[in-house]
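Bear in mind that the values here come from a model prediction, so they are computed numbers and not experimental data.
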Amino acid sequence: MEVQCVGVEAPRPGSPHVAVGLIFSILLGLWSTQALEMSVGKIPFLEAVNGSTVMLPCTYASCIGIDNLYFNWQFNDNGTMQKVCDSVIVSETSDPDVKIYRERVEFVGKNHHNNVSILLWNITFEDGGQYTCFGRNPKEKDKNHSAIFNLIVVDELRVVDNTLTIIIASAVGGGIAVLMGFMLLKNFTLFVLSKLEEKNKECLVTSSGIDNTENGLSGSKADSKPTPKKK
C-alpha cells in the first residue's frame, strides 16, 4: 500500500506594502488632527443694517502650537481678492502688530484666546460680501487653512413672522395636554375600578361567611336528636 505525504504550506507573511500603507494612513490621520484650523464660528454669516458696526469673528487652533503664525483677512470684491489686514503672531502670548489696508477697519482680536477678529465701522452696501480669514503656521511646515464669512447689508432687518411657529407650538402643546389628560383619566378610572373590585370581593367573602354560618346552625339543629330515655 503506497502512502502519500501531503505537505502543508506555511502561511506567508503579509505584503510589506500593506504594512507601510497602514502606517502611512495612521501617521496621516495624526497629522490631520494636529493641523492648523481657522474658524468663523457655527454661523458663518451675518445680516446687518446699513450704517451699523459689526464684528467679523475668526479664531485659530493648533494642537502643537504656533510659531510666527501669519494671518490675514481678505474681501472678495466681484472676484478680486482685496487684502483687509494682515500680521504675524510670534507666539500664542504675543500681541500682533496688524497692518490695516481698508478704511473703517479695526483689529479687535488682540490674540486673546487665539482671536483674530476684526471690526467694521459704519458699514455700507459696498461692504457686503464674502470675507476670508486665512492662516499659515510655519511650525506645521507652513500648513495653512482658511474660513469664509458672509456679510449681508440691508436697509432694515426683516421682521420674522412667528405666526406659523406659534400655531405649531400651540398645536403640539394642546396635543400633549390632551394626551396627559387622557392618561390621568385612564389611571383614575383604573384606580376606581380596582377599588370597586376590592369592595365586591369583600362583600362576597362576608356574604359567604354568613351563609356558611346559617347553614351550619340549621344543620346542627336538624341533625340533633333527643337523647333516648332509659327505661
Side-chain angles (χ1 to χ4, degrees), residues 14-153:
S15 173
H17 299 288
V18 177
V20 172
L22 181 60
I23 295 174
F24 179 77
S25 300
I26 295 175
L27 293 177
L28 182 61
L30 292 175
W31 177 257
S32 299
T33 58
Q34 296 177 350
L36 175 69
E37 180 181 2
M38 310 298 289
S39 173
V40 293
K42 296 182 179 180
I43 304 177
F45 65 89
L46 175 65
E47 189 173 282
V49 178
N50 180 31
S52 61
T53 299
V54 299
M55 185 182 70
L56 307 185
C58 185
T59 57
Y60 66 86
S62 175
C63 293
I64 63 175
I66 64 168
D67 183 16
N68 292 321
L69 170 71
Y70 171 78
F71 78 93
N72 66 39
W73 277 93
Q74 299 181 63
F75 174 64
N76 187 353
D77 186 10
N78 296 323
T80 302
M81 301 303 294
Q82 296 182 356
K83 189 177 292 185
V84 178
C85 67
D86 70 346
S87 183
V88 174
I89 302 177
V90 179
S91 64
E92 295 179 352
T93 57
S94 63
D95 294 336
D97 183 15
V98 181
K99 294 181 180 179
I100 307 295
Y101 301 97
R102 285 172 62 100
E103 296 180 352
R104 299 176 288 104
V105 175
E106 179 184 355
F107 179 74
V108 295
K110 307 297 183 183
N111 195 30
H112 297 163
H113 304 289
N114 302 346
N115 192 348
V116 291
S117 304
I118 60 175
L119 204 66
L120 301 184
W121 291 87
N122 300 324
I123 60 174
T124 63
F125 291 105
E126 288 74 18
D127 294 325
Q130 190 179 86
Y131 291 81
T132 301
C133 180
F134 172 84
R136 183 176 63 244
N137 189 14
K139 193 173 183 178
E140 296 177 301
K141 296 183 179 181
D142 286 334
K143 186 71 176 180
N144 62 76
H145 188 252
S146 61
I148 296 175
F149 190 87
N150 288 291
L151 176 62
I152 306 170
V153 182

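Contact between Pro57 and Ser117 at its shortest, heavy atoms only, is CA-OG, 3.2 Å. Considering all non-hydrogen atoms of both residues, Tyr101 and Asp86 come closest at OH-OD1, 2.9 Å. Nearest heavy-atom pair, Gln74 versus Met81, reported as atom, atom and distance to 0.1 Å: OE1-CB, 3.5 Å. In terms of heavy-atom proximity, Phe107 sits nearest to Asn115 at CZ-O, 4.1 Å. In terms of heavy-atom proximity, Asp142 sits nearest to Arg136 at O-CG, 3.6 Å. Smallest separation of non-hydrogen atoms from His145 and Met38: ND1-N, 2.9 Å.
The distance from atom CZ of Phe149 to atom SG of Cys58, rounded to the nearest 0.5 Å, is 10.5 Å. Atom-to-atom distance recorded for Gln130:CD and Asn78:CG is 11.5 Å, nearest 0.5 angstrom. For the atom pair Ile89 CD1 and Asn114 CG, the distance stands at 8.0 Å (nearest 0.5 Å). Rounding to the nearest 0.5 angstrom, the gap separating the OH atom in Tyr60 from the CG atom in Leu69 is 6.0 Å.
In the displayed structure, Ile152 atom CD1 is contacted under 6.0 Å by more than 12 heavy atoms of other residues, nucleotides or ligands. Around atom NZ of Lys99, no more than 12 heavy atoms belonging to other residues, nucleotides or ligands sit under 6.0 Å away.
Between the Gln82 side chain and the Asp77 main chain, no donor and acceptor come within less than 3.5 Å of each other. In this structure, Asn111 contributes its side chain and Glu92 its backbone to a donor-acceptor pair below 3.5 Å. Using a distance-only test at 3.5 Å, with no hydrogens or angles considered, a donor-acceptor pair links the side chain of Ser87 to the main chain of Asp97. In this structure a side-chain-to-backbone donor-acceptor pair under 3.5 Å is missing from Asn137 to Lys143. Between the side chain of Lys139 and the backbone N or O of Gly65 there is no donor-acceptor pair closer than 3.5 Å. Side chain of Thr132 to main chain of Ile148: no donor-acceptor pair is present (N/O by atom type, distance under 3.5 Å, no hydrogens or angles). Looking at Asn72, its side chain never comes within 3.5 Å of a backbone N or O of Val84 through a donor-acceptor pair.
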Check residues 44-55 and write down every donor-acceptor pair under 3.5 Å in which the side-chain atom is one partner and the other belongs to a residue at least two apart or another chain.
| unit_1 | atom_1 | unit_2 | atom_2 | d |
| --- | --- | --- | --- | --- |
| Glu47 | OE1 | Arg158 | NH2 | 3.1 |
| Ser52 | OG | Val49 | O | 2.6 |

Test side-chain contact (heavy atoms from CB on, under 4.5 Å) on Glu140 and Asp67 and set out the steps.
-> CA-CA 9 Å; Glu140 296 177 301; Asp67 183 16; over 6 Å; no
Could you go step by step and tell me if Trp121 and Asp127 meet the side-chain contact (heavy atoms from CB on, under 4.5 Å) rule?
-> CA-CA 10 Å; Trp121 291 87; Asp127 294 325; over 6 Å; no
Residues Thr59, His113; criterion side-chain contact (heavy atoms from CB on, under 4.5 Å); working and verdict = CA-CA 8 Å; Thr59 57; His113 304 289; over 6 Å; no
Give the intermediate values and the outcome of side-chain contact (heavy atoms from CB on, under 4.5 Å) for residues Leu120 and Leu151.
-> CA-CA 11 Å; Leu120 301 184; Leu151 176 62; 3.9 Å; yes
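You'll find the side chain of Val116 stays beyond 4.5 Å of the side chain of Phe134, heavy atoms only.
Aromatic ring orientation, Trp73 versus Tyr131: perpendicular (interplanar angle above 60°, classes split at 30° and 60°).
Of the N and O atoms on the side chains of Asn68 and Tyr70, not one donor lies less than 3.5 Å from an acceptor on the other residue.
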